[in-house]
Amino acid sequence: MDKVYKHHRLGDILLRQRWTTSRISLSVKPTGEVRLSYPRLVSTAKALRFLEEKAEWVLQMREKVAERAMQGSDYLPAQIEELRREAKRVLPAMVERLARQYGFSYGRVTIRATRSKWGCCTSQNNLSLSLFLMTLPTHLQEFVVLHELCHTVHHNHSAEFHALLNKITGGREKELNRQLKGIRKNLRFRKGRVEDLDAVMALVADAQKWFVEQNIDQWQDGYPTQDIILSDILYSNNYVVELNGVTSATFVASFDGEPTYSEIKGRGWLNENPYAVVHRMAVADECRRKGIAKEILHYAEELCVERGVKDIRIDTHRDNLAMRSLLKKMGYTHCGRITLASGAFREAYHKIMD
């Protein structure tokens, strides 16, 4: 019988208990899925202890799997075929749906094990797509498909081609290209669920520890509590970020306003338009310096675009120089200082998106 076990660090683990299995074993699939197989006569508790002992190995293997796409040559034949089957199931239907949505015409769709590029379009408007697209999140798969469909109109990378692609992606061609080439291709963003509570609190603990190590007096009073995080989840404001299938970061994105922003000392907010606020961002220790915080802020901007909101506000501790530097690089303006309900001060930032 197969069932899914939610590990606090590794995410979903497929448990496979079989009479035909002679020993406990772990495998990491090309998609990042982890399978724990064990004999019928072995208890699930014992198998999970084995999993815990091998957790670091799983994390390392997931990193290697992620790096293989479009560059490595060490996929096993069985792994290639697994990706091929999934690609044949998903990609032709995706091409048909997007072509119908945007009015494109195309010929055949073929799936190949191409590593040098994600896809191509022939002069006869036949599309060839790499099966390694299945290692990408869905929105980047769709971007690659749209890129190739645009080539059915412009068989080059002319200004007209880029204008068309930019138009049908809502002005996000450059942003999606950046994601396709960076760490974002290995990230998954989703709403937090109640069952994520322990994993999110573990991320909070990592952040609290990091603040201590950096001599930053932030989150040292027990904030945010489990009740606060649970409330974020229940109000659908909490987000979880998975890196190669592992819960690696969390944050809050809210469009409900922030009471402590009503008074600000300094130059003041740039305007009084509706805004999003980003709060309670935490990244796992092993995932620092990988650009995840930057991708979280980019994702918050995407949420704003979806809602037609052009303003984002955020606050941070004055000694959190890493965050303050990131905010400056990403176009946020320092607007002054706000006071939290606890009486602590925070530096306030505001960005107006074009």
Side-chain angles (χ1 to χ4, degrees), residues 1-18 21 24-40 42-69 75 78-79 82-83 85-87 89-90 132-141 183-206 226 229-230 232-234 236 238-251 282-287 290 292 295-296 299:
M1 178 183 296
D2 293 352
K3 57 184 177 180
V4 175
Y5 170 74
K6 292 187 177 296
H7 190 276
H8 68 285
R9 293 180 64 198
L10 305 177
D12 289 350
I13 308 296
L14 181 64
L15 305 184
R16 309 192 72 180
Q17 194 173 25
R18 296 283 191 274
T21 300
I24 304 176
S25 64
L26 271 171
S27 61
V28 180
K29 301 301 178 182
T31 57
E33 178 190 66
V34 179
R35 293 182 181 179
L36 175 62
S37 302
Y38 54 103
R40 277 286 187 184
V42 171
S43 69
T44 299
K46 182 176 180 180
L48 291 178
R49 286 196 295 273
F50 177 85
L51 172 66
E52 199 63 45
E53 292 171 359
K54 299 294 184 180
E56 290 302 323
W57 176 85
V58 171
L59 292 173
Q60 292 171 9
M61 286 302 297
R62 273 181 165 160
E63 288 283 351
K64 290 180 180 179
V65 165
E67 292 170 359
R68 287 170 184 165
Y75 276 109
Q79 294 174 320
E82 182 180 349
L83 287 175
R85 286 192 297 270
E86 186 70 3
R89 182 182 69 83
V90 172
F132 293 105
L133 278 171
M134 302 317 298
T135 65
L136 298 180
T138 301
H139 76 286
L140 291 182
Q141 295 172 7
I183 190 175
R184 181 65 179 275
K185 66 179 181 292
N186 299 322
L187 296 180
R188 303 291 189 278
F189 290 79
R190 62 174 175 81
K191 289 286 186 73
R193 301 185 289 259
V194 172
E195 53 265 36
D196 295 314
L197 185 58
D198 288 345
V200 172
M201 292 309 299
L203 293 171
V204 168
D206 276 357
Q226 182 168 296
I229 298 299
L230 180 58
D232 291 337
I233 292 173
L234 294 178
S236 295
N238 174 269
Y239 288 81
V240 165
V241 185
E242 296 177 347
L243 174 60
N244 300 323
V246 180
T247 299
S248 301
T250 185
F251 66 100
V283 179
D285 278 344
E286 61 268 23
C287 297
K290 292 188 177 182
I292 293 179
E295 295 304 330
I296 287 174
Y299 187 78

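The structure presented is a predicted model; accordingly, all values stated were derived computationally and were not measured.
- Looking only at side-chain heavy atoms (C-beta outward), T44 and K3 come within less than 4.5 Å of each other.
- Between L51 and L10 there is a side-chain heavy-atom pair separated by less than 4.5 Å.
- Y239 and F251 have parallel rings, their planes meeting at less than 30° on a 0 to 90° scale where 60° marks the start of perpendicular.
- Residues K290 and L243 meet the side-chain proximity criterion, which asks for heavy atoms closer than 4.5 Å.
- Partners of K46 under the side-chain contact (heavy atoms from CB on, under 4.5 Å) rule, at least two apart in sequence or in another chain, are I24, V42, S43, R49.
- The heavy-atom pair separating D206 from A284 by the smallest distance is OD2-CA, 3.6 Å.
- Interatomic distance, OG1 of T250 versus CD1 of I233, reported as 7.5 Å (0.5 Å rounding).
- A distance of 12.0 Å separates CG of L36 from NZ of K54, quoted to the nearest 0.5 Å.
- Listed here is the closest heavy atom pair of Q141 and L136: NE2-O, 2.9 Å.
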Review point. Going through the checks in order, is the side-chain contact (heavy atoms from CB on, under 4.5 Å) test met by L14 and R16?
Key: CA-CA 6 Å; L14 181 64; R16 309 192 72 180; 3.9 Å; yes

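- Between V194 and L234 the shortest side-chain heavy-atom distance falls below 4.5 Å.
- Of all heavy-atom pairs between I13 and H7, the closest is CG1-CB, 4.1 Å.
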